[in-house]
Amino acid sequence: MENNNKQRSKTSKAYAFNPVKEDESGKMAKRMVWSSESIVMALRGIEQGRKLIANPFYENNTKLLKGDLVFHRTEDEINEWKKCAADIIYFANTYCKLMTPEGIRQIVLRDYQVRYLRHLQANRLSIMLSCRQAAKTTSSAIFMLWYVLFNTDKNALVVGNKRKTAVEILDKLKKIFVELPFFLRPGIYKWNESECVFDNGCRIMAEATTINSGISFTFHCILSDEFAHLPANILDKFYNNLFPTVAAARARFMITSTQNGRNLFYKLWMGAMNHENEYAPFQVTWDMVPEWNPDTHSWDKRDEEWHRKQIANLGGEEQFNAQFGVDFLSSTDTLISKSSLQKTAPYRKIFVRKDIPGVRGSDNFFWHPEFDPMDMRREHIILTGDISEGIGQDFTVFQICRIIRDGNLECVGFYRSSTASREAVAGSLADLISKWCDSDRVLVSFEKNTYGDLFLKYLSDEQAFDIGCLVKYKKDPNARGFTYGIKITPGNKTPACQIFKEAYERGEIIDESAEFGLEIDNFNDDGTGHYRAAYGHDDMVMSLMQLVFVRETLQYRLLLQEAKDEIEAADDMRTPAQWMMQDAAYPNAYSWETIYDF
């Protein structure tokens, strides 16, 4: 204990090293053990015009310390350093300062910035979709600075769509750095516009994105800013060259961007949202970001009034979405109009599994949360399907729709699996129809693709299945024969897409499933006049689109007339009270316009 006290006494004396030249022998100065207190003495001496025995500042910049200085922290400073290293939010809210409309001020993180910084701490691969003016540059700079301050021997890289963008982030990082207390600042070996090297072995570099960015150096933390705005001739090559290096080094890779159409950023974002890749998604929308009010000198919440004013200022909703939106919708490339997609999006629901006893593979059925599959026997049901190989790649999907008021079709459930064999799918459908539906009120259609004939064989082998449920299609418009299953070709797909578009936008076909919503948002013109998924799967869309072909058959027209007759007869017998009860329980049964206000 005595030895510790003696050591502490010696250390305390070292903290008081005075670097200003005075009438002393200079013996103490030669020890050159620096502390916050002695740095302050040096600054005071410079302000007074006095000469220093030893200059601790990098290239005489009093905001920067030289590399390899011996610096002793007090016990309080050590505790603060540890708190900052452990908690990025504490570090940011306690010590980070930046220029604001009111001058240099302590940073106060917004709620979404706190969540984003925690998100970055927790996830090695991160992708952020942000509206404009969301201070993502500040958030990124704080994280990159925290990373290089509280690690050793790590290399960080900032790449932007332009060199100016990357340098701006590094510049913001440097501005935060020079406002930190000296006990948090490592010494400097190199400090210029595009690179900073610290004496803890860390460095951070900034450069424009090229196809070779990041591959000639080992980096442990990489930020790619405005990823979606990289030139088309660079974006894919840059990513394909860089990502293997990221993966091999287990490096942190942070992608941030505003939306810019359906390019690689869109594909990675959708993959993250669908849990198809390892990226953790984070989104910032315009209503999360406050607006500076110069009259009150405060930040005001953006509300609907602000939204309406900006729409008026910019000339329309589409222009507003281009500047402040985070959706990837374009009025020209999606099959369904942007306005229709935006109006239906709030009504999308996660379809859920429900108990359907006696049905093989029942876990592959998903149902509208307000629909009871036990009630299907009294419904007029149409199942339309797209068959896959069943080896974990594409999905086998069967959409389950019922005929509702005005002859419209509403999706009440779907079957979806990428691993079920064609035989297993046939068994599931046969069980569902034979045990829980009235086979006289059911139609089944499937795409006659590579696997269609084999699926038909398995379905026909199911003894409980009534083959009369299958929709019959003409083999040839001029022939008398028919076939089961519809063959979709480039020749009939494009017009079918247009007919489906009109039916969907008029409310004749309704599908509120979130899974369908993700696919229809992503179903667009590939540039040749043909429609397909810009990324991922389109099985949900293509299976539902078969309704276009089903509705042209005599079987469907007969089923539709029967359904309309039953609905009309039931309407005649309803009392006003019953009408009110059904209106509350089944709003979709009346009109699409009532719900979506088209």
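Atom CG of Leu459 and atom CD1 of Ile433 lie 7.0 Å apart (nearest 0.5 Å). Note that CZ of Arg132 and CD of Gln323 are 5.0 Å apart. Values are rounded to the nearest 0.5 Å. The distance from atom CG of Leu560 to atom NE2 of His380, rounded to the nearest 0.5 Å, is 9.5 Å. Here CD1 of Ile311 is found 9.5 Å from CH2 of Trp306. Values are rounded to the nearest 0.5 Å. In this structure, Leu230 CG and Thr209 OG1 are separated by 4.5 Å, a value rounded to the nearest 0.5 Å. A distance of 11.5 Å separates CG in Leu443 from SG in Cys401, rounded to the nearest 0.5 Å.
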Enumerate donor-acceptor pairs with a distance under 3.5 Å from any side-chain N or O in residues 243-252 to protein atoms, sequence neighbours excluded.
| residue | atom | partner | partner atom | Å |
| --- | --- | --- | --- | --- |
| Arg252 | NH1 | Leu120 | O | 2.6 |
| Arg252 | NH1 | Asn123 | O | 3.4 |
| Arg252 | NH2 | Gln121 | O | 3.2 |

Run the side-chain donor-acceptor check on residues 278-287: report pairs under 3.5 Å with partners two or more places apart or on a different chain.
| residue | atom | partner | partner atom | Å |
| --- | --- | --- | --- | --- |
| Tyr279 | OH | Tyr239 | OH | 2.8 |
| Thr285 | OG1 | Asp287 | OD1 | 2.6 |

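Legend: residues meeting side chain to side chain donor-acceptor pair (under 3.5 Å) with Tyr116, ordered by chain and number and at least two apart, are absent. For Ser257, the side chain to side chain donor-acceptor pair (under 3.5 Å) criterion is met by Glu226, not counting sequence neighbours. Every residue meeting the side-chain contact (heavy atoms from CB on, under 4.5 Å) condition with Asn241, not counting sequence neighbours, appears here in chain and number order: Ile211, Asn212, Ile215. In this structure Lys349 satisfies the salt bridge (charged side-chain N to carboxylate O under 4.0 Å, His left out) test together with Glu512, sequence neighbours excluded. Residues satisfying the salt bridge (charged side-chain N to carboxylate O under 4.0 Å, His left out) criterion with Asp466, sequence neighbours excluded, are absent altogether. Judged as a salt bridge (charged side-chain N to carboxylate O under 4.0 Å, His left out), and not counting sequence neighbours, the contacts of Arg532 are Asp526. Taking the side chain to side chain donor-acceptor pair (under 3.5 Å) definition, one finds that Glu566 meets it with Arg441, sequence neighbours left out. Qualifying side chain to side chain donor-acceptor pair (under 3.5 Å) partners for Lys493, counting only residues two or more places apart in sequence or in other chains: none. Partners of Lys301 according to the salt bridge (charged side-chain N to carboxylate O under 4.0 Å, His left out) rule, which considers only residues two or more places apart in sequence or in another chain, do not exist here.
Each side chain to side chain donor-acceptor pair (under 3.5 Å) pair with one or both residues in residues 454-463, not counting sequence neighbours, appears once here: Arg360-Glu462, Lys457-Asp461.
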Next on the checklist: Between Thr256 and Ser140, does the side-chain contact (heavy atoms from CB on, under 4.5 Å) criterion hold? Intermediate values first, please.
Outcome noted: CA-CA 9 Å; Thr256 64; Ser140 299; 4.2 Å; yes

Checklist entry - How far apart are the C-alpha atoms of Phe414 and Thr384, what are their side-chain angles, what is the distance that settles it, and do they pass the side-chain contact (heavy atoms from CB on, under 4.5 Å) test? => result CA-CA 9 Å; Phe414 60 84; Thr384 51; over 6 Å; no

Checklist entry - Under the side-chain contact (heavy atoms from CB on, under 4.5 Å) criterion, do Arg348 and Ile520 qualify, and how do the steps go? => result CA-CA 12 Å; Arg348 292 175 185 171; Ile520 198 65; 4.0 Å; yes

Next on the checklist: Quick one, Ser337 with Lys501, criterion side-chain contact (heavy atoms from CB on, under 4.5 Å). Give me CA distance, side-chain angles, the key distance, then yes/no.
Outcome noted: CA-CA 8 Å; Ser337 70; Lys501 168 187 171 68; 4.2 Å; yes

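Minimum interatomic distance between Arg422 and Ser388 (heavy atoms only, all atoms of both residues): NH1-O, 3.7 Å. Here the closest heavy-atom approach between residue Phe265 and residue Ala228 is recorded as CB-CB, 3.6 Å. Arg402 approaches Ile381 most closely through the heavy-atom pair CB-CD1, 4.0 Å. Closest heavy-atom contact between Phe227 and Leu264: CZ-CD2, 3.9 Å. Ile403 and Ile382 get closest at one heavy-atom pair: CG1-CD1, 3.7 Å. Minimum interatomic distance between Ile356 and Met374 (heavy atoms only, all atoms of both residues): CG2-CE, 3.3 Å.
Crowding of Asp565 atom CG: a count of heavy atoms from other residues, nucleotides or ligands under 6.0 Å exceeding 12. No more than 12 heavy atoms of other residues, nucleotides or ligands lie within 6.0 Å of CE in Met273, so this atom counts as exposed by the packing criterion.
Not one N or O on the side chain of Asp406 forms a donor-acceptor pair closer than 3.5 Å with the backbone of Asn408. No donor-acceptor distance shorter than 3.5 angstrom exists from the side chain of Glu505 to the backbone of Ile336, with no hydrogens or angles considered. Remark: the backbone N or O of Leu129 is not paired with any side-chain donor or acceptor of Gln259 at under 3.5 angstrom. No donor-acceptor pair under 3.5 Å is formed between the side chain of Asp539 and the backbone N or O of Asp394. The backbone N or O of Cys437 sits less than 3.5 Å from a side-chain atom of Arg377, completing a donor-acceptor pair.
Taking the centre of each ring, His307 and Phe324 stay at or above the 6.0 Å mark. Between Tyr473 and Phe549, the gap from one ring centroid to the other reaches at least 6.0 Å. You'll find the ring centres of Tyr451 and Phe455 outside the 6.0 Å limit.
Two residues are said to be in side-chain contact when any heavy atoms from C-beta on lie closer than 4.5 Å; Val541 and Tyr531 fail this criterion. Put simply, the side chain of Ile400 does not reach to within 4.5 Å of the side chain of Glu379, judged on heavy atoms. The side-chain heavy atoms of Ser213 and Thr210, taken from C-beta on, include a pair separated by under 4.5 Å. Within the 4.5 Å cutoff, the side chain of Pro495 has no heavy atoms near those of the Val548 side chain. When side chains are defined from C-beta on, Trp367 does not count as touching Phe351, because their heavy atoms never get closer than 4.5 Å. Looking at Asp386 and Phe446, their side chains never come closer than 4.5 Å, going by heavy atoms from C-beta outward. The side-chain heavy atoms of Arg551 and Glu508, taken from C-beta on, include a pair separated by under 4.5 Å. With a 4.5 Å cut-off on side-chain heavy atoms, Phe523 and Met545 count as touching.
Ring orientation note: the planes of Tyr484 and Phe482 are nearly perpendicular, at an angle over 60° on the 30°/60° scale. By the 30° and 60° cut-offs, the orientation of the rings of Phe395 relative to His537 is perpendicular.
Checking Thr396 against Ser417 by side-chain atom types alone, no donor-acceptor pair falls below 3.5 Å. Side chains of Asn522 and Tyr266: a donor-acceptor N/O pair is present below 3.5 angstrom, by distance only.
Using a cut-off of 4.0 Å between Lys/Arg side-chain N and Asp/Glu carboxylate O, Lys136 and Asp225 are scored as salt-bridged. Ion pairing between Glu568 and Lys564 fails under the 4.0 Å rule for side-chain N and carboxylate O.
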